[in-house]
Every structure is written in C-alpha cells, then in structure tokens.
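In what follows, a structure is listed as structure tokens, so that the remarks can point back to it.
Only this structure's heavy atoms are used, side chains among them; waters, hydrogens and symmetry mates stay out. Residue numbers begin at 1 in each chain, while the letters A, B, ... track the order of the sequences.
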2 protein chains.
Amino acid sequence: MDIGARLKMVREAQGISQRELAKRAGVTNASISLIEQNRVSPSVSSLKKVLDGLPMSMADFFTFELEQQPPRQVFAAAEQPDLGGNGVAMWLVGAGVENRQIGLLREVYAPGADTGTEMLKHEGQECGVVTQGCIELTIDTQVHILHPGDGYYFSSNQPHRFRNIGETEAILISANNPPTL
Amino acid sequence: MDIGARLKMVREAQGISQRELAKRAGVTNASISLIEQNRVSPSVSSLKKVLDGLPMSMADFFTFELEQQPPRQVFAAAEQPDLGGNGVAMWLVGAGVENRQIGLLREVYAPGADTGTEMLKHEGQECGVVTQGCIELTIDTQVHILHPGDGYYFSSNQPHRFRNIGETEAILISANNPPTL
DNA sequence: GTCAAACGTTTATTATATTGAACAAATTGA
DNA sequence: TCAATTTGTTCAATATAATAAACGTTTGAC
C-alpha cells in the first residue's frame, strides 16, 4: 500500500481533518494533502512530524496491514508437513498463512537428537517451552537443562543449540519472530 | 536511534560499501554518505530505494532494535508468575524481557475451564498448539476441537474463545504478536 | 436564500534533498 | 616504493519537497 493511502487511512480512522493534523504535527495542510495524493514523497523527517501528530511510530506506520482473514485457522497434527531432520521432527503451525508474524513450531526430539555442534545463529528473537522430556539448551557459552514447563527467551543472533539429553522423546514448542520458516 | 545510524548499521552488517549499496539501490554514493551522517533527511521514496538494495523492508528497518542481551534467558516452570484466572492458569515465558516481540504463554485449563461467553477480541495475530487434553476453540462462529499436536493460527481481531471440554487438565502453548502481555 | 466557517486542492515561492564530479585518505598489488 | 583502486566526504548544480496564500466546494446557522 502506498504512503498516501496509509496516511489517509490512519488520519480518517481518528476522524481528524488534514488541517487539524497539520496543526498538531507542525506542518502545513498542503503537505498533508500532497502526501495523501502521492504527489510528493515526504522526507523521513516530515513524515515523522506528521506521525507524531497522530500519534503513531514509524515502525507501526510501516508495519500495520489491512487485516485480512487467513483462509485456514486450525491445523490438525496429522496434516502438518514435517520440516525437520537429524532426529528432530518439526511442524510449523499455520504454514501457508498469509502475512504470518509468528513462527510457531512443534518440535519432537528423538533421544540424543541434536541441532548440531555448528551453533545456530540468525536474526530475530525466539522463545519456547518444553512440554515433554528433557532438553539441553546452549546459548553462547551457557548450558541450560530444561524440563517440562521450563521456558527460554533469547535473541537469535546469539549462537544456540538444542539437544535431547534424556532417554525418551522430548517435545518443544518454540516461537520466533520474525518468522524464519 | 537516528536514520543514519540505522542505515549504517544495516549496511555494515552486510559488509558492503556505500558505493556498492548506491549501485544496487540506484542512487548516488553521495546520498548514502549524507544520509548516514544525518546531514539530510531522505525522502521516503529514496529511503525505500536504498532499503531495496539491502534488501530490507521499511517495516523491518523501523522495527529492528539494537539487539541487547536479555538479562534472563531461561525460566524455570516453578518461578514463572501465574497470570491466569477462571480455571485457566497462564505463565508468560520471558516475562520482563526487554523489547519482547513475542508473547508465548503456557496455559493450563482445568476441566471445564472457559475464557468466557464474552468472546475475546484484540489486535495482532495468535497461534498455538495443544500439548495435552482437549480444547474447544471457537473463532467467530466456527467451532473447532483440538487434540494434542493440533494447532491454530488466526487474526486476533476475530472474536474467539477457548474451553476445556475434556475431563482432564488441558495444556495449550500459545503465541501472540504483538505481545498482549 | 445568504453568510461564515471548514474542508481538500492548487499554485508560486522558498527550503531542502539528490546528483555528478572532484577530493583526500586508506588499501591493494606489483 | 609506487601506481591503481577503493573508501567516505565535500561542493556546485539541479531536482524535489515544504511552505504560504489563494481557490472552489461543502456544511450548518440564521
């Protein structure tokens, strides 16, 4: 969606006029008009002033989407594709959902299964809960042992590794944002 | 953080020069230099061109934060605060983590527990997996029955309701973004 | 009806961003 | 060591955005 339409939508959602917004933002009403018509591409600084008048952050402004109904909403265990390997079976909840903001995975670790000595490292944040069995989680140089109900939350750019150190299957529900799968 | 620093950080993270980025983006290296020094406030259109060269979306650009080490990274089941009520016990994974992008909850429903006939409705997206017991999930007018391993994903602005319709405790791991708790 | 106020739009002027070319400093290879 | 690149920066010229003021239309009051 273009900037003009976005701005117009937000402004009208608040029920204020171009002039009123212009006054709050400290710009002229003409600017608002031209921006909403996409006749100009505002500078970041002036767009920021305008958004301050709403008020709304840049991040929110560029992030928000017209909420559309996802076609599918529930996903049976059986029908979800297995994305794993190396003794780790992984199911992505809501695979194929449009504009997905969350990557939620159900991961089943066979006894001894391991994400590998080559530590994982990527952008974003991730968190999870162990629901069954026993998982060893290494974050950077720190080693943690997680039992059912125990959780974690860390920045994914820290080297990390998961390993089932129990003698039974371990299940981990993990979430990441932005979604990596 | 200012635009210049953000851009510089992203560019350097990719290990490319101002000129290289300029070439990819279809702008001059002078522009990149001036932007990174905050000597100019780029127009949205030119910033977009620059980000296309990285590539990175506006939303990501304004959303990302200097990743800082969260002080805590693992959270034992026992020590997490219970945020629930009405027969539903809820633990937030990573409560207190700064700049948290994901709300991950471990929810335990007593037999018959119910989020209520007054349907829930809020912004964002949510998804989850049932790990134990049997949960009835109503989304708008649709009623679904979820067993262990079954998941869901929907837009939280749709009216919804969770209910344990089994005779045993049910456990649900849910994630939402942006975090509501 | 008529006036006054508020609305979004348009225009000429001013302020600012972007370009193209040149600069000095740092790095690379012979 | 020296020349050739490559780096980020700067400057005058140009293109574009922002302003201030005016325009025509719509709305509500009297």
Is A:Ile3 linked to A:Met9 within one hydrophobic cluster, defined over Ile, Leu, Val, Met, Phe, Trp and Tyr using a side-chain heavy-atom separation of less than 4.5 Å? yes

With distance as the sole criterion, do the side chain of B:Asn29 and the base of D:dT7 form a donor-acceptor contact below 3.5 Å? no

Using the C1' atoms of five pairs at each end, what's the angle between the two axes of the helix from C:dG1-D:dC30 to C:dA30-D:dT1, to 10 degrees? 30°

Listed partners of [X] passing side chain to side chain donor-acceptor pair (under 3.5 Å), at least two apart:
{"X": "B:Gln132", "result": "none"}
{"X": "A:Thr28", "result": "A:Ser31"}
{"X": "A:Ser33", "result": "A:Gln37"}
{"X": "B:Thr168", "result": "none"}

Near DNA chain D, which residues from residues 30-37 of chain A have a heavy atom under 4.0 Å away? A:Ala30, A:Ser31

What integer distance in Å separates [X]:[atom1] from [N]:[atom2]?
{"X": "A:Lys48", "N": "D:dA18", "atom1": "NZ", "atom2": "P", "value": "15 Å"}
{"X": "B:Ile3", "N": "C:dT18", "atom1": "CD1", "atom2": "P", "value": "12 Å"}
{"X": "A:Lys8", "N": "C:dC7", "atom1": "NZ", "atom2": "C1'", "value": "12 Å"}
{"X": "B:Arg19", "N": "C:dT18", "atom1": "CZ", "atom2": "P", "value": "18 Å"}

Find every protein N or O atom lying less than 3.5 Å from an N or O atom of nucleotides 24-26 of chain D, and list the pairs.
none

Looking at residues 38-47 of chain B, who's got a heavy atom less than 4.0 Å off DNA chain C? B:Val40, B:Ser41, B:Pro42, B:Ser43, B:Ser46

side-chain contact (heavy atoms from CB on, under 4.5 Å) with A:Ile35: which of A:Leu47, A:Leu7, A:Val27? A:Leu7

Report the residues that fulfil salt bridge (Lys or Arg N to Asp or Glu O under 4.0 Å) with [X], sequence neighbours left out, ordered by chain and then residue number.
{"X": "B:Lys49", "result": "none"}
{"X": "B:Lys23", "result": "B:Glu20"}
{"X": "A:Glu107", "result": "none"}
{"X": "A:Glu169", "result": "none"}

Kindly determine whether B:Ser174 and B:Tyr152 satisfy side chain to side chain contact (heavy atoms under 4.5 Å, CB included), including the steps that lead there. CA-CA 9 Å; B:Ser174 75; B:Tyr152 61 89; 3.3 Å; yes

Do the side chain of B:Asn38 and the main chain of B:Gly4 share a donor and acceptor less than 3.5 angstrom apart? yes

Side-chain N or O of A:Gln18 versus OP1/OP2 of C:dT9: is the shortest distance under 4.0 Å? yes

Whether A:Arg6 engages the ring of A:Phe61 as a cation-pi pair (distance to the six-membered ring centre under 6.0 angstrom, angle to the ring normal within 45°) should be assessed. yes

